[in-house]
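Small disclaimer: the values here were computed from a predicted structure and weren't measured. In the text below, chain A, chain B and the rest are named by the order of the sequence lines, each starting its count at 1.
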Amino acid sequence: MMIIFMNSSDSEEEACNERTSLISADSPPAASYQDGLQAPEAAETQTYRKRRTGGSCSPSDADGGNSDSGIPVREIAVDDKEEELTLKYGAKHVIMLFVPVTLCMVVVVATIKSVRFYTEKNGQLIYTPFSEDTPSVGQRLLNSVLNTIIMISVIIVMTVFLVVLYKYRCYKFIHGWLILSSLMLLFLFTYIYLGEVLKTYNVAMDYLTLFFVIWNFGAVGMICIHWKGPLHLQQAYLIMISALMALVFIKYLPEWSAWVILGAISIYDLIAVLCPRGPLRMLVETAQERNEPIFPALIYSSAMVWTVGMAKQDAASRSLTQQTWDSAEDVREIHDNSAYVESEISEARSPAPTHPTTSLLEDLEEEERGVKLGLGDFIFYSVLVGKAAATASGDWNTTLACFVAILIGLCLTLLLLAVFKKALPALPISITFGLVFYFSTDNLVRPFMDTLASHQFYI
Amino acid sequence: MNLERVPNEEKLNLCRKYYLGGFALLPFLWLVNVLWFCREAFLAPAYTEQPQIKSYVQRSAVGLLFWVVVLTTWVTIFQMHRARWGELGDYLSFTIPLGIP
């Protein structure tokens, strides 16, 4: 996942497979900062979600002009002003990302806590073939590590496949793939989700109304995400889709495998985005060379920068992400509902091409600072918090601790983004903090609090 | 997408597409159309395409109202008489509540 600052906003599209990437795009005089980090999307069910967060520094344009004066004092003042603006925008972007990430996590945790279905063990994805029902701890650990290796390999394969497709300009294929992926997500998973929620609340529902509701929800979702729609509706759909994906992961990943996978994905994200030969980085660079936006479908954008020239490119990027998704559909799970979640996962990590700043700069008439975060990041954050809510013995303590940890990690990542001004992986810091907080809270803080409470000792 | 930066022809085109799309049993699309273009149609200063946008928004609102009435009626009938319909009720039901009503 990468965080990218983008000057121009791509229409966000959910990229199931794109890895989280935080992208910041600075329009100012400096070279385009946009480095799309595309973290391979979780091979898990979804196509690669790219998270790009882009923050554009708009003031740079004005400052650039000023700095041409050549007067040292003025330049210093301009630099200070730029830095101040950068930091200010960085802070604003943090806030702009808090809301969607929080919303996604709230939806996931609320569902986990109320609907029994997502915490029941009902088969595994084909990507995690090793069962964890073994008596010995060592065997269980080994199985979870093997599961992780398989999952990460699938993700790598999917990402590389996506990069290859993108390099050879198979845009139609990618586009079709992305559309199929989001179709499945919007219709099938929503159907299952609605069914389970209705069963939980013991509400009668007839098929006519159900199909009508799902048809409306899905069709408008497809229109908003892949074509044009109101920004807030688009954001809402992306959040819902991320939440649905995260719920699928929470349900179908076995206990220990989930935690190991989270850790491994963070490391992979780091490597894929920052290493010169990493697939995500290559994807970003290719996109930059061609001056195309990174898959809009896989990115959540907090503000809309609308450029006339972006429309065509969006389709390309979108299709790319969808492809990753579709590839995942082959997975079959041993479950009544036979959700095809697994396939999505494999698709996941498609590298998110960096957003070409230069082309965007020309096309942009107005600029809104926007932060782009890949959808994969949303998904994995929610998976971590949802797993904490589902399995922690400390109940709300652990969940809240993980939630705070992830937000802190996101802040730090955005800070780094403002400093480095290139696409960064959004997963590593947050997931590390989340994992540390989860295990320490569950094993240290909770018994401590329980003992204190039972002895009526207040500190 | 931000409507402010879109040229007027584009806006009209978008509004028309949303209006036509709503005929595919998509009152939600009509709702989005109404809410999204409401300000453009009624509160923005006049421009050439505005009367057309206004008409599309009004027609979308009428269609939306129709569907709301139809759906409300059907849901009310279903929820109240489902148990009495016996086999037909079960056949139509996606989820059947458990327990004694």
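Contact count against chain B (heavy-atom pairs under 4.5 Å) is highest for Gly229(A) among Gly195(A), Gly229(A), Ala219(A). Of all the listed residues (Trp74(B), Tyr18(B), Trp36(B)), the one sharing the greatest number of non-hydrogen pairs under 4.5 Å with chain A is Trp36(B).
Of all non-hydrogen atoms in Val220(A) and Val32(B), the two that sit nearest each other are CG1-CG2, 4.3 Å. Closest of all the heavy-atom pairs between Phe28(B) and Asn216(A) is N-OD1, 3.0 Å. Closest non-hydrogen pair, Met205(A) versus Phe78(B), comes out as C-CE2, 4.0 Å.
Pairs passing the salt bridge (Lys or Arg N to Asp or Glu O under 4.0 Å) check and including a residue from residues 62-84 of chain B, sequence neighbours excluded, do not occur.
With a 4.5 angstrom heavy-atom cutoff, Trp67(B) touches chain A only via side-chain atoms. Within the 4.5 angstrom heavy-atom criterion, atoms from both the backbone and the side chain of Leu26(B) approach chain A. If you measure heavy-atom distances from Tyr201(A) to chain B, you find no contacts under 4.5 Å at all.
For His81(B), the NE2 atom counts as densely surrounded, since its 6.0 Å shell holds more than 12 non-hydrogen atoms of other residues, nucleotides or ligands.
Side-chain contact between Leu71(B) and Phe212(A) is present, with at least one heavy-atom pair separated by less than 4.5 Å.
Annotation: the span from Asn202(A) atom CG to Ile96(B) atom CD1 amounts to 11.0 Å, rounded to 0.5 Å. The distance from atom NE2 of His232(A) to atom CG of Leu35(B), rounded to the nearest 0.5 Å, is 12.5 Å. To the nearest 0.5 Å, atoms CD (Gln79(B)) and OG1 (Thr209(A)) are separated by 8.0 Å.
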